[in-house]
Amino acid sequence: MEKNFFNQNTRKVAQQLLGRVLCRKKGKQIYQGIITETEAYCGPNDLASHASKGRTKRTEVMFGPPGRCYIYLVYGMYYCLNIVTGKKNHPAAVLIRSCQPLKTYKKIMPIGPGKLCQAFCIDKKLNQEKITGSKIWLELGDKLKFTQIKKATRIGIDYAGKYKNKKWRYYLQDNKFVSRR
DNA sequence: CAAGAGATCATCT
DNA sequence: GATGATCTCTTGA
């Protein structure tokens, strides 16, 4: 991955992450999948972002340097994986929502942010880890020049006022491994 | 097919 | 004490 890739506009990162390969190593197992769906959470003004509520213990990692994992528990049940973007003290991140499995040893399809974390054995132990480490990292994958990117509203953020209508969800058109169309 | 409910708990007020 | 960046299951048209 390019240096400083995550230190740029969150929406741009979210789109450029599509097609790249998420890799996770746990023990001898390696899990890999092509990222098919992402969402951008664009800083302190974005009412959909946890960071809009200010700096707390949970959101602290978003205020840190780009390229770290932000992992939290939603609805008391599932983990969600984000990657912090933008420069330090600008709290923003990209939610990795779905991927197309390449190499998995579990019978869980990584479709939807909760299932993705289940399938890839991602939990809070990886919070704040660099996304360029030995446990979790990204690879370039094949080029996706000819694949269309669709834009849509983000899921599950009805509370976000005028930000709920922003089309900051991105997914690969015609790919089956997308949570909603 | 769409809409609603329930599971379940860390985080924040 | 309330609330979710989810998912599955049930109900009913």
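Just so it is clear, the model here is predicted, and its values are computed rather than measured. What's counted below: heavy atoms across the whole structure, side chains too, no hydrogens, waters or symmetry copies. We name chains A, B, ... by the order of the sequence lines, and we start the count at 1 in each one.
- Within 4.0 Å of A:Gly76, counting heavy atoms only, lies at least one base atom of the nucleic acid.
- Atom C1' of nucleotide B:dC12 and atom CD of A:Glu60 are separated by 15 Å, given to the nearest angstrom.
- Ranking B:dA10, B:dA7, C:dA5 by closeness to the A:Leu73 side chain, first place goes to B:dA10.
- Nucleotide B:dA10 holds its P atom 13 Å from the CG atom of A:Asp123, rounded to whole Å.
- Minimum heavy-atom separation, A:Cys121 to A:Arg24: O-NH2, 2.9 Å.
- In this structure, A:Arg181 and A:Tyr171 have side chains that are in contact, with non-hydrogen atoms separated by less than 4.5 Å.
- Each of A:Tyr78 and A:Thr59 lies near DNA chain B, and the nucleotide nearest A:Tyr78 is the one positioned closer to the 5' end.
- Between the P atom of C:dT3 and the CD1 atom of A:Ile157 lies a distance of 18 Å, rounded to the nearest Å.
- An aromatic stacking contact links A:Tyr41 with the base of C:dA5, defined here by ring centres under 5.5 Å apart and ring planes under 30° from parallel.
- At C:dT6, one or more side-chain N or O atoms of A:Arg97 fall inside 4.0 Å of OP1 or OP2 (strictly under the cut-off).
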Without placing hydrogens or testing angles, list every side-chain donor-acceptor pair under 3.5 Å for residues 71-92 of chain A, not counting sequence neighbours.
residue: A:Asn82; atom: ND2; partner: A:Tyr70; partner atom: O; Å: 3.2
residue: A:Thr85; atom: OG1; partner: A:Thr10; partner atom: OG1; Å: 2.8
residue: A:Asn89; atom: OD1; partner: A:Arg55; partner atom: NH1; Å: 3.4

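- No engagement by A:Met109 is indicated, since no non-hydrogen atom pair under 4.0 Å with the nucleic acid exists.
- Using a 4.0 Å heavy-atom cutoff across all strands shown, A:Leu95 reaches at least one base atom of the nucleic acid.
- Screening A:Lys53, A:Lys162, A:Arg154, A:Arg11 for a salt bridge (Lys or Arg N to Asp or Glu O under 4.0 Å) involving A:Asp46 leaves a single residue, A:Arg154.
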Checklist entry - What do the steps show when you test A:Thr132 against A:Phe5 for side-chain contact (heavy atoms from CB on, under 4.5 Å), and what is the final call? => result CA-CA 11 Å; A:Thr132 50; A:Phe5 175 79; over 6 Å; no

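- Nucleotide B:dA10 holds its C1' atom 11 Å from the NE2 atom of A:His50, rounded to whole Å.
- Between A:Lys164 and the phosphate of C:dA5, there is no side-chain N or O to OP1/OP2 separation shorter than 4.0 Å.
- In this entry the distance linking CD1 of A:Ile111 with C1' of C:dT8 reads 14 Å, nearest Å.
- Remark: P of B:dT8 and CD of A:Gln118 are 14 Å apart, rounded to the nearest angstrom.
- When heavy atoms are screened at a 4.0 angstrom cut-off, A:Arg58 is found touching the sugar-phosphate backbone but no base atom.
- You'll find that the side chain of A:Lys57 is closest to B:dC12, out of C:dT8, C:dA5, B:dC12.
- Shown here for A:Gln100 and A:Asn175, the closest heavy-atom pair between the two residues is OE1-ND2, 2.9 Å.
- Out of B:dA7, C:dA5, B:dC9, the shortest distance to the side chain of A:Tyr70 is found at C:dA5.
- Checking the phosphate oxygens (OP1, OP2) of B:dG6, no side-chain nitrogen or oxygen of A:Tyr75 falls inside 4.0 Å.
- Rounded to whole Å, atom P of B:dA10 lies 16 Å from atom CD1 of A:Ile71.
- Put simply, the side chain of A:Glu37 gets close to the backbone of A:Ser179: a donor and an acceptor are under 3.5 Å apart.
- Between A:Ile155 atom CD1 and C:dG4 atom P there is a gap of 16 Å when expressed in whole angstrom units.
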Next on the checklist: Wobble G-U and Watson-Crick pairs count when both distances are under 3.5 Å; given that, what is the 5' to 3' dot-bracket string of DNA chain C, with | for pairing to other strands?
Outcome noted: ||||.|||||||.

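- The closest donor-acceptor contact from the side chain of A:Glu139 to the backbone of A:Cys23 lies at 3.5 Å or more, if one exists at all.
- Residue contacts for A:Lys124: at a heavy-atom cut-off of 4.0 Å it reaches the sugar-phosphate backbone alone, with no base atom in range.
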